[in-house]
Every structure is written in C-alpha cells, then in structure tokens.
K.L.:
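Please see the structure below; I have some questions.
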Amino acid sequence: MLQNIEKLLEEARQFKAGTKEEIEQFRIKFLGKKGLLSDLFARFKEVPAHQKKETGQKINQLKQFVLKKIETQLENLGEEGVQEDGQDLSLPGPPLALGARHPISIVRNEIISIFGRLGYTISEGPEIENDWHVFSALNFPPEHPARDMQDTFFIEKDPDILLRTHTSSVQVRVMEKESLPIRTISPGRVFRNEAISARAHCIFHQVEGLYIDENVSFADLKQTLLYFAREMFGKHVEIRLRPSYFPFTEPSAEMDISCQICGGKGCNVCKYTGWLEILGCGMVDPNVLEYNNIDSIKYTGFAFGMGIERVAMLKYQIKDLRLYFENDLRFLEQFQAAY
Ligand code: DAH
C-alpha cells in the first residue's frame with residue numbers, strides 16, 4: 001500500500017492542467033466520493049498495526065499535496081506565467097536605461113551633415129603627429145612666436161613627435177595625397193598642455209574645413225560660414241568677421257555669431273557685446289599651398305577651424321567644459337540625438 005501511495009503522489013506531482021476541466025477531473029479522481037483517497041481510507045483498516053502510523057501519515061500527505069496542487073493549478077490558470085515557485089514571468093523586467101548620444105558626438109555629426117550638404121567629404125589624420133604637419137607646413141617659421149600660441153605635448157624627448165594641437169594638420173595630409181579640387185572637413189581630437197578649468201581642457205575636439213579650387217574667394221568663405229551658422233543655430237543668426245592672425249591663412253579672421261540668448265541686445269552670456277566667438281578662418285596662405293606643391297597662382301582656397309565643445313556650449317548653453325568629460329548621466333541624458 002505504501003508503494004501505491006508513493007506512485008499516486010508521483011502522479012499528482014506530474015499533473016499539470018491546461019484547463020479548469022482538467023483540474024476538476026483531477027479533483028474527482030483523487031478527492032471524489034469514489035476517488036482514490038476515499039479508497040485508500042477505506043482500505044486503511046486492512047493495514048497491519050505496525051504500518052498504520054506510517055501509512056496514515058502518507059495518505060494525509062497525499063491528500064494535502066493534492067489540495068495544494070489544485071489550488072496552485074487554479075491560480076496558474078488565472079495568471080498565466082506564474083510558476084509553482086511563485087515567480088511571475090509575466091511581470092515586466094527591470095527597466096533598462098536607454099543610452100543617449102554624447103553632446104559632442106551629436107554636434108560633430110550635425111556639423112558633418114551640414115557641410116555634407118555642401119559637398120564636403122570627411123577626412124582624418126593621426127593624433128600623434130610630427131612637427132611638419134602641425135607647424136612647419138602650416139607656415140609657422142622655426143622660431144616664430146606663433147608656435148607658442150599652443151602649448152604642445154611632445155612625445156618623449158623628441159621635439160619632432162607630438163600630439164596635434166589642432167586639426168589643421170589634416171589639411172596638410174589632405175593636400176599631400178588628394179587631387180584638386182579639395183573640399184573636405186576633418187573632425188578630430190586635439191591636445192594642448194593646459195590646466196583644466198571651466199574654459200580650458202587638455203583634450204578637446206575640433207572640426208577643420210578646407211576648400212581649394214580655382215577662383216575660391218573670401219566671399220565664398222563668408223557665404224559658406226553664414227550657411228553653416230544658420231543651419232546650426234537658426235535662420236535668424238547673423239555673423240561678423242573680425243580681422244585676426246593665423247600663420248596659415250592670409251587674410252585671417254575670427255567669426256562671431258549674434259547672441260541667441262539676448263538676440264544681440266547684450267546679456268551676461270555674450271558679456272554685453274551681443275556677439276559670441278565661434279571659429280577661426282581665412283584664405284589659405286600661398287606659402288601653405290606651395291609647401292604642398294599646389295600652384296598658388298592658379299589655385300586659391302579657404303580654411304576654417306572650430307572647437308566642437310565651443311559650438312555645443314553655444315548651442316546648449318553649457319557653461320563648464322569639464323561636464324563633457326565627467327560622464328555624469330544626469331548631464332548626458334539631456335541630449336536628444338537628431339544626428
Ligand atoms: N587651428 C586654429 C586653432 O586651433 C583654428 C583655425 C583658424 C583653423 C583659422 C583654420 C583657420 O583652418 O583658417 O585655433
């Protein structure tokens with residue numbers, strides 16, 4: 001009899017119902033008036049005295065098990081997915097945070113897209129550069145104080161190997177290997193030996209632009225930059241060009257955009273000038289063309305360079321450069337990538 005109970009217990013354990021009817025069948029089979037359990041109870045008096053205790057316990061165990069089984073099977077039918085151990089597989093999982101693009105990537109992609117519409121290709125160069133591509137080929141004379149404009153990280157003790165201080169070096173690489181006309185932008189990381197503060201960082205990002213062809217004029221430069229400023233910051237933006245100096249352009253200029261916070265009236269963001277500086281530019285110095293074996297009588301070109309952090313600061317009104325590098329999710333989550 002004990003063996004028989006054990007078998008029934010196993011049968012009850014295996015039972016899994018798909019419908020209410022199946023559970024009812026199961027109940028009748030075990031607990032019904034003529035069911036297996038009443039049969040067992042009826043035959044209990046035949047059990048020899050020394051086995052009565054154990055057999056009685058087993059029958060009760062079976063009965064309890066069957067009752068519990070009916071209960072859990074009924075519950076499972078109600079809530080699909082609830083396991084016997086109580087785990088509810090239909091509950092939603094723990095939320096997975098959705099990643100967002102970094103503001104520097106968003107702005108870089110937007111700059112690429114704007115110039116892409118004007119037919120600019122993308123070019124890249126190495127971050128570890130040599131003196132020729134960063135300075136000499138860009139018309140910085142050997143002892144010229146302009147070299148001090150940028151605090152350079154040199155690699156080991158070799159003054160020829162350095163981390164590029166600007167993406168203008170890619171101009172040189174493009175002129176070396178590409179045929180004319182050239183119309184390209186070069187986004188990338190640059191390095192300067194500066195103390196980290198709200199306004200300066202030793203690693204940041206620039207986009208360089210270069211256009212060389214016959215009859216490229218300063219008017220072309222100005223119109224290109226106006227188009228860029230309006231695509232990037234809005235169609236009411238005005239630009240102004242201030243004379244400046246860079247060794248690799250002549251004439252050189254710095255470009256400001258009208259302050260979008262105050263609409264040019266003056267506020268603390270634009271320091272009450274109505275203008276915000278955004279990039280450097282100019283006509284490629286004939287020396288630079290000649291250093292790279294381009295006929296400076298036949299060809300002219302313009303170039304410009306901007307800091308991506310700076311553009312993003314103006315676009316999103318970010319006041320501290322360090323935020324870009326801290327990877328604080330509260331900061332990073334705020335930027336929606338359209339690009
Ligand atoms: N390379 C300059 C800088 O890092 C930016 C720049 C200025 C690039 C004028 C240019 C340019 O191409 O024409 O400050």
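Order of listing sets the numbers, starting from 1, for every ligand and every atom in it.
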K.L.:
Heavy-atom contact check, 4.0 Å cutoff: does F302 meet ligand 1?
P.N.:
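In this structure, F302 fails to qualify as a contact of ligand 1 - no heavy atom is under 4.0 Å.
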K.L.:
So E309 and H205, side-chain hydrogen bond (donor to acceptor under 3.5 Å, both in side chains) or not? Walk me through it.
P.N.:
CA-CA 7 Å; E309 280 81 358; H205 301 80; 2.7 Å; yes
K.L.:
Quick one: does ligand 1 sit under 4.0 Å from the side chain of M255, the backbone, both or neither, non-hydrogen atoms only?
P.N.:
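M255 to ligand 1: no contact under 4.0 Å from either part.
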K.L.:
Is a side-chain donor-acceptor pair under 3.5 Å present for S258 with E238?
P.N.:
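E238 vs S258: no donor-acceptor pair found between side chains.
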K.L.:
Mark up the atoms of ligand 1 that fall under 4.0 Å of a heavy atom belonging to S168, in ascending order.
P.N.:
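Taking each heavy atom of S168 in turn, ligand 1 has 1 (N), 8 (C) under 4.0 Å.
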K.L.:
D213: which residues meet the side-chain hydrogen bond (donor to acceptor under 3.5 Å, both in side chains) condition with it, sequence neighbours left out?
P.N.:
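D213 satisfies side-chain hydrogen bond (donor to acceptor under 3.5 Å, both in side chains) with no other residue.
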K.L.:
Taking side chain to side chain donor-acceptor pair (under 3.5 Å) as the cut-off, I'd like each qualifying pair that reaches into residues 265-282, sequence neighbours left out, listed once.
P.N.:
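For residues 265-282, and leaving out neighbouring residues, there are no side chain to side chain donor-acceptor pair (under 3.5 Å) pairs at all.
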K.L.:
For ligand 1, which atoms sit closer than 4.0 Å to a heavy atom of G282?
P.N.:
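Near G282, the atoms of ligand 1 are 13 (O).
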K.L.:
Heavy-atom contacts with R192 under 4.0 Å: which atoms of ligand 1 show up? List them by number with element.
P.N.:
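With R192 as reference, the close atoms of ligand 1 come out as 3 (C), 4 (O), 14 (O).
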K.L.:
Between E129 and R173, does any side-chain N to carboxylate O distance fall below 4.0 Å?
P.N.:
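Salt bridge flag = yes for R173 with E129.
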K.L.:
Distance under 4.0 Å to a non-hydrogen atom of G305: what atoms of ligand 1 satisfy this?
P.N.:
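Once the distances to G305 are compared, the set is 6 (C), 8 (C), 10 (C), 12 (O).
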K.L.:
Please list, in number order, the atoms of ligand 1 under 4.0 Å from a heavy atom of Q206.
P.N.:
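Going through ligand 1 atom by atom, the ones under 4.0 Å from Q206 are 3 (C), 4 (O).
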K.L.:
Return yes if some donor-acceptor pair links the side-chain N/O of H133 with the main-chain N/O of V170 below 3.5 Å, else return no.
P.N.:
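Not a single qualifying donor-acceptor pair exists.
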K.L.:
Please could you name the atoms of ligand 1 that G280 approaches to less than 4.0 Å, counting only its heavy atoms?
P.N.:
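Near G280, the atoms of ligand 1 are 7 (C), 9 (C), 11 (C).
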K.L.:
Applying a 4.0 Å heavy-atom criterion (strictly less than), which segment of F304 is in contact with ligand 1: side chain, backbone, both, or neither?
P.N.:
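Under 4.0 Å from ligand 1, F304 contributes backbone atoms alone.
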K.L.:
Using distance alone, with no hydrogens and no angle criterion, decide if Q25 and E21 have a side-chain donor and acceptor under 3.5 Å apart.
P.N.:
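No pair is found: no donor N or O on one side chain lies under 3.5 Å from an acceptor on the other.
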K.L.:
Would you say F246 and ligand 1 have an N/O pair spaced under 3.5 Å apart?
P.N.:
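No; every N/O pair is 3.5 Å or more apart.
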K.L.:
Closer than 4.0 Å to some heavy atom of A303 - which atoms of ligand 1 meet that?
P.N.:
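The atoms of ligand 1 under 4.0 Å from a heavy atom of A303 are 12 (O), 13 (O).
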K.L.:
In this structure, does ligand 1 have an atom that sits under 4.0 Å from one of the heavy atoms of Q171?
P.N.:
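Within the 4.0 Å threshold, so yes.
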K.L.:
So does E24 pair up with R27, basic N to acidic O under 4.0 Å?
P.N.:
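Looking at E24 and R27, the cut-off is met.
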